[in-house]
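Report on the structure given below.
From a predicted model like this one, the values you see are computed outputs, not experimental measurements. For this chain, numbers begin at 1 and follow the sequence in order.
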Amino acid sequence: MTTLAITGGQVLHPDITVSRADVLIDQDSGEILEIGADLAGDADETLDASDSLVTPGFANGHSHVAMTLLRGVADDKPLDAWLQEDIWPVEAELTAEDIRVGTELGILEMIKSGTTAFSDMYFEVDEIAAVVEEAGVRAVLGHTAITVGKDDDGAHADLEQSLEVAIDLDGAADGRISTTFQPHSLTTVGGEYLEEYVPKAREAGLPIHFHANETEHEVSPIVDEHGVRPLEYAVEKGLLESEDFIAHGVHVDETEIELLAETGASVIHCPASNMKLASGMAPVQQLRDAGVTVGLGTDGAASNNDLSMLDEARDAAMIGKLAADDASAVPADAVAEMMTQGSADAMGLESGRLEAGAPADLAVIDLETPHLTPRHDLVSHLAYAAAAADVKHTICDGQVLMRDREVLTLDAQAVRERAQETAESLLSRANSA
Ligand SMILES: CSC[C@H]1O[C@@H](n2cnc3c(O)ncnc32)[C@H](O)[C@@H]1O
Ligand SMILES: [Zn+2]
């Protein structure tokens, strides 16, 4: 057995308290062996975490990672105009190689900001999986299907691909990849297709991840056409089982919150994207009060515009208070829970808690910086003050992915250069199309 000890740090425990402890990891199994005092002597290798906060690696519950290439392409528009006028025309030009390069950039950014797991909705998923394998992170992947604007054959082909990709890739990268079936949303996939394919996904044992109740424009067509709220419609179509998770859940009424609590389906809250696209304010405190599992996600870098879960944490706390008109809503400990356990539980992962037997997925945050001084309350710092650049070590599955801010599994400079060139070429193709 090869062991690694993370020594001298302040550890965030599953009950969201912090105390001085070392973390001993079995690098062969990728699990935490022990959390306690003075474990350095037992280890083959050590990683210094003095003057640092040791947290579970952050779990980004909803993203479109390759969209890093579209960062800054279109800002300051609402969702529908942003997608239809700007994003979808550029995405139509994306090649498999572009998606690989965009994914490298996104995963590099995530490792640098302490994220060890992400859930992704996109296409060319083999490329995304290859980068996950190389970079050493954990991911919940899938091919996203859209049926609007397609003929019946095209719609079936897209949904079949979503099923096949999820079945084929489940367990890849030594088990670091798991998968979901992914209808894009309740308004971009026709009801007849949901009726046909949701049972197939259930038969294959696949969780289902989809966008829901993101904007008012997604709610009213369903209410007008079907006479029920979108999440009631989702249940009619076989969606919202306990392993399913929706992205956004901004415009949910009390009946829908109750439905989420009853079914056990989870919500991934994406505050930055919701603010930037002016989609609305999710009732996060109400969801949590009802017992709904809420995780955090960045959404894509074109609507955020970064992939830092530490930014998302602060945004979640701020907008959560505004939404509830209550400064005590969505407090720091709730945010710390959502960015770790909440997202991991929603994504069906065992990570998100630092305890013996759990996956060794961790982030080490350097506290020796003015904006994290004084150290009255490290949970407060995690939610409100820490930033991506404060992360100094990132570990996933027991392997050190970043040591002293140097990413070991990707060549950071080469990735950035490739991404710049690839994005320029993509935009020039899109502009001349
Ligand atoms: C077909 S792959 C996924 C698809 O989703 C688009 N997308 C990015 N952000 C959002 C969002 O906030 N709501 C809905 N759809 C979104 C992305 O551009 C891809 O086309
Ligand atoms: Zn999204």
Evaluate the criterion side-chain hydrogen bond (donor to acceptor under 3.5 Å, both in side chains) for residue pair Asp44 and Thr2; output intermediate values, then yes/no. CA-CA 6 Å; Asp44 298 307; Thr2 314; 4.8 Å; no
Before you tell me yes or no, could you show the steps for Ser178 and Asp170 under side-chain hydrogen bond (donor to acceptor under 3.5 Å, both in side chains), namely the whole-Å CA-CA distance, both residues' side-chain angles and the distance that decides it to 0.1 Å? CA-CA 5 Å; Ser178 52; Asp170 196 25; 5.1 Å; no
Between His248 and Ile268, is the side-chain contact (heavy atoms from CB on, under 4.5 Å) condition met? List the steps. CA-CA 6 Å; His248 300 293; Ile268 301 297; over 6 Å; no
For Asn431 and Ser428: C-alpha separation, side-chain torsions, deciding distance, then whether side-chain hydrogen bond (donor to acceptor under 3.5 Å, both in side chains) applies. CA-CA 5 Å; Asn431 289 332; Ser428 86; over 6 Å; no
Evaluate the criterion side-chain hydrogen bond (donor to acceptor under 3.5 Å, both in side chains) for residue pair Asp326 and Ser328; output intermediate values, then yes/no. CA-CA 5 Å; Asp326 177 1; Ser328 72; 2.8 Å; yes
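Heavy atoms only, all atoms of each residue included: Gly61 and Phe245 are closest at O-CE1, 3.7 Å. The two residues Leu53 and Leu12 have their closest heavy-atom pair at CD1-N, 4.3 Å. Closest heavy-atom contact between Ala145 and Val189: O-CG2, 3.3 Å. Ala302 and Leu70 get closest at one heavy-atom pair: CB-O, 3.6 Å. Residue Leu240 comes nearest to Ala234 through the heavy atom pair CG-CB, 4.3 Å, listed as atom of the first residue, atom of the second, then distance. When every heavy atom of Ala346 is checked against every heavy atom of Thr293, the shortest pair comes out as N-CG2, 4.3 Å.
Ion pairing between a basic and an acidic side chain is recognised when a charged N comes within 4.0 Å of a carboxylate O; Arg138 and Glu350 show no such pairing.
Tested against Leu382, the residues Asp377, Leu372, Leu310, Asp333 include a single side chain to side chain contact (heavy atoms under 4.5 Å, CB included) partner, Leu310. For the pairing with Asn60, the side-chain hydrogen bond (donor to acceptor under 3.5 Å, both in side chains) check across Asp120, Thr115, Thr116, Thr298 returns one residue only, Thr298. Each of Asp315, Asn305, Asp76 was evaluated against Lys276; a single residue qualifies, Asn305, per the side-chain hydrogen bond (donor to acceptor under 3.5 Å, both in side chains) test. Evaluated for a side chain to side chain contact (heavy atoms under 4.5 Å, CB included) with Ile111, the options Leu408, Val137, Val391 yield exactly one hit, Val137.
In the model, Thr422 has no side-chain atom that pairs as donor or acceptor with a side-chain atom of Ser425 under 3.5 Å. Using a 3.5 Å distance cut-off with no hydrogens or angles, the side chains of Asp299 and Ser273 do pair a donor with an acceptor. Side-chain atoms of Glu256 and Asn213 include a donor-acceptor pair closer than 3.5 Å. For the 3.5 Å distance criterion, the side chains of Glu97 and Thr95 fail to qualify, holding no donor opposite an acceptor. Checked by atom type, the side-chain pair Tyr122/Glu127 shows no donor-acceptor distance below 3.5 Å. Side-chain contact of Asp48 with Ser50: a donor-acceptor pair under 3.5 Å is present, judged by distance alone.
Checked against a 6.0 Å centroid threshold, the rings of His143 and Phe123 do not count as neighbours. Taking the six-membered ring for Trp, His269 and His62 have ring centres at least 6.0 Å apart. Taking the six-membered ring for Trp, His211 and His64 have ring centres closer than 6.0 Å.
Enclosure of atom CG in Asp38 is not indicated, since only 12 or fewer non-hydrogen atoms of other residues, nucleotides or ligands lie within 6.0 angstrom.
Checked against side-chain hydrogen bond (donor to acceptor under 3.5 Å, both in side chains), Asp22 has the following partners two or more places apart in sequence or in another chain: Arg20.
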